[in-house]
Amino acid sequence: MSDSSKRFYKTLMGIMGACMGIAVLYSLVKFIYFNPQNDTVLHLGAAWEIDIRNVVKTRLELKKCLIQTLQMVGYTSAISFLFGIFFGVVLVTTQKGHILECEPVYQVLDKIINLLRSIPFIILVALLIPATRKLMGTSIGVKGAIFPLVVATVPFFSRQIHAALSEIDPGMIEAARAMGLSPAAIIFRVYLWEGLPGMIRGATITIVNIVALTAMAGTVGGGGLGDYAIRYGYQRVMTDVTVATVIIILILVTIIQTLGTFLERKLSH
Amino acid sequence: MQPMIKLEGIKKTFTGGGEDVHALRGIDLEIMPGEIYGIIGFSGAGKSTLVRCINLLERPSEGKVWVNGVELTHLGEMALRKQRRQIGMIFQLFNLMKGRTVYKNVEFPLHFRGIPKKQREEKVMNLLRIVGLENRRDAYPSMLSGGQKQRVAIARALASDPKVLLCDESTSALDPQTTQEILELLRSLNKELGITIIVITHEMAVVKQICSSLAVMEDGQIVERGDIYDVFSNPRMPITRRFIGTVDGMDKALEEILSSPSEYCSKHGQLVRLSYSGQSSGQAIVSMLSRQFGIDISILYGNIETLGTKPLGRMITVLSGEKHAVDGALGALDGLGVKAEVIADV
């Protein structure tokens, strides 16, 4: 792409981003500072007024669901990252021509990941109910949602890690081998350190993905924002609830993405 | 004296992909301590595989490798890793750790070896001084030029005090000026630290500049080897001639002359290639022959260079005159220590 067209797209993106930011901020300010007793109408300009009476009415429920979502995202990310990094490293190192080359392990793991990734999440949740009950003691609530979320996220994140670590210049691995580093040292000091920017990119995508999955987990009794939006926004036709949910999730995703991009940029040289 | 590196019957066959590739077909090689040994070949000759067999980054399918008296081929993984620390290696594309600063790159091999931090810092700074980069210690590799990157790589390779330094096409990605600088650095390291250096390259100019001995590889075999002066003054294999031709322009000149002799030679005679070395290059051979035998000698192309300390000259000449006089002159050349090779009648 030429320099001038690059600049054009950058400007365009900047303007679009700024517009979105202003819109979100505006509604946020309105949402926080209006007085619920006499004003339940959110003014988004003269032509567009939304009645947010229902959001106000259910705000305690909203708060509870937001916390549930954050809990689900937090726990799921933490557990999935451990497993995902482990499996991602196993995938990369056992691949043909890599330091711990072992075709059977690679093939089996690769196929299992493909299998798990091809099951739609909503079906996976149902499929896992007996196992969830045995493992967590319940299949509902945040506790019951975490197990299927982890099962769905680990393969996804393992692939992200696999992709990130595959990008590492094989020359660096060769140099490390020539220096007499053990495979374990190569994994920790070269793969995991030099691959950090790529891994953070993968983690960002994964967390955003988990946020989307938690919304689905809600529909099977997991609680969280998805549950809130379905119960109030959809089943009771409170459109403002749905819109509020979307805005909150949008903010959540924006924060995650910005943080991820910032970290990635900070760490790549 | 015990050789620093000894290879015995090294064979390497890559299987898979349907067809077996014989990268190395039986290599025997001995490299003495303190040598700068050049291994030259076109791409695909197997030279990179060969150098990787020295530190066993590639395990040879057959044969034995000794480095500094230790046979590496029968060592276990742990012991082998320990031995690798005394074999430094630098690469064509530098292979620096991109996420680490210059300082951290050089310090990299010293970590987890039980060396106190203070001592490590001293050592790293000393190495950076040697390669002339102490003021770039906090730069990342992406901020450095190719030559600087290779200097960092050299400092890193030296960090574990290796006895041997393997250079795999280490100047092929650099411009001529930077190549000179890196070669000078290698030469001074060899002189000051006594480190044995193996240089893998496809450029004869590199070999000519720093190596004391060389081996020419073709199709997985060493086809010619020896002291650099001997090989240059008396190449036996066509491929060696081709490599030498790339640095002195001899073959190209000859080709051109043969394609249109009339343009180059005003007189009929015999096209002769003269190679002279040692003391004979100091003598006034041409005028002497001309006087003594009454023949005309025209010089079409000439080249004198110094290899190490000894001068080496080559010339393309046309000897014209009486048949017996020319024959007599050719005979006299032999006695003077000049190799004369009749190429054609022109």
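First the proteins, then the strands, lettered A, B, ... as listed; each starts at 1.
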Of the backbone (N, CA, C, O) and the side chain (C-beta and beyond), which part of [X] lies under 4.5 Å from a heavy atom of chain A, both, or neither?
{"X": "B/S160", "value": "neither"}
{"X": "B/M89", "value": "side chain"}
{"X": "B/L93", "value": "neither"}
{"X": "B/L96", "value": "backbone"}
{"X": "B/F112", "value": "side chain"}
{"X": "B/L56", "value": "backbone"}

- Task: Considering non-hydrogen atoms only, spot the tightest contact between A/A176 and A/V190 and give its length.
- Result: CB-CG2, 3.8 Å

- What part of A/L181 is in contact with chain B, defined as an atom under 4.5 angstrom from a non-hydrogen atom: side chain, backbone, both or neither?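 For A/L181, heavy atoms of backbone and side chain both lie under 4.5 Å from chain B.
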
- Query: Considering only heavy atoms, which portion of A/S268 lies under 4.5 Å from any heavy atom of chain B: side chain, backbone, both, or neither?
  - Reply: neither

- Item | Candidate list B/T73, B/I27, B/T13, test side-chain contact (heavy atoms from CB on, under 4.5 Å), partner B/P60, passing option |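 Exactly one candidate clears the test, B/T73.
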
- Message: Heavy-atom pairs under 4.5 Å with chain B - which of A/S182, A/G195, A/P170, A/P197 has more of them than the others?
- Response: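 Heavy-atom pair counts peak at A/S182.
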
- Query: Who wins among B/M78, B/H111, B/M143 for the most heavy-atom pairs under 4.5 Å with chain A?
  - Reply: B/H111

- Message: The test is side chain to side chain donor-acceptor pair (under 3.5 Å); show your working for B/D168 and B/S48 and say whether it passes.
- Response: CA-CA 7 Å; B/D168 182 22; B/S48 276; 2.9 Å; yes

- Query: Taking 4.0 angstrom as the limit, do B/E107 and B/R100 come out as a salt bridge?
  - Reply: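 The answer is no: the pair does not qualify as a salt bridge.
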
- Identify whether the distance between the nearest side-chain nitrogen and carboxylate oxygen of B/E71 and B/K6 falls below 4.0 Å.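 Salt bridge: no.
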
- Query: Between B/Y140 and A/H269, what is the ring plane arrangement, given parallel below 30°, perpendicular above 60°, and tilted in between?
  - Reply: parallel

- Chi angles and distances behind the side chain to side chain donor-acceptor pair (under 3.5 Å) call for A/Q107, A/K111: CA-CA 6 Å; A/Q107 290 299 345; A/K111 297 294 171 300; 2.9 Å; yes

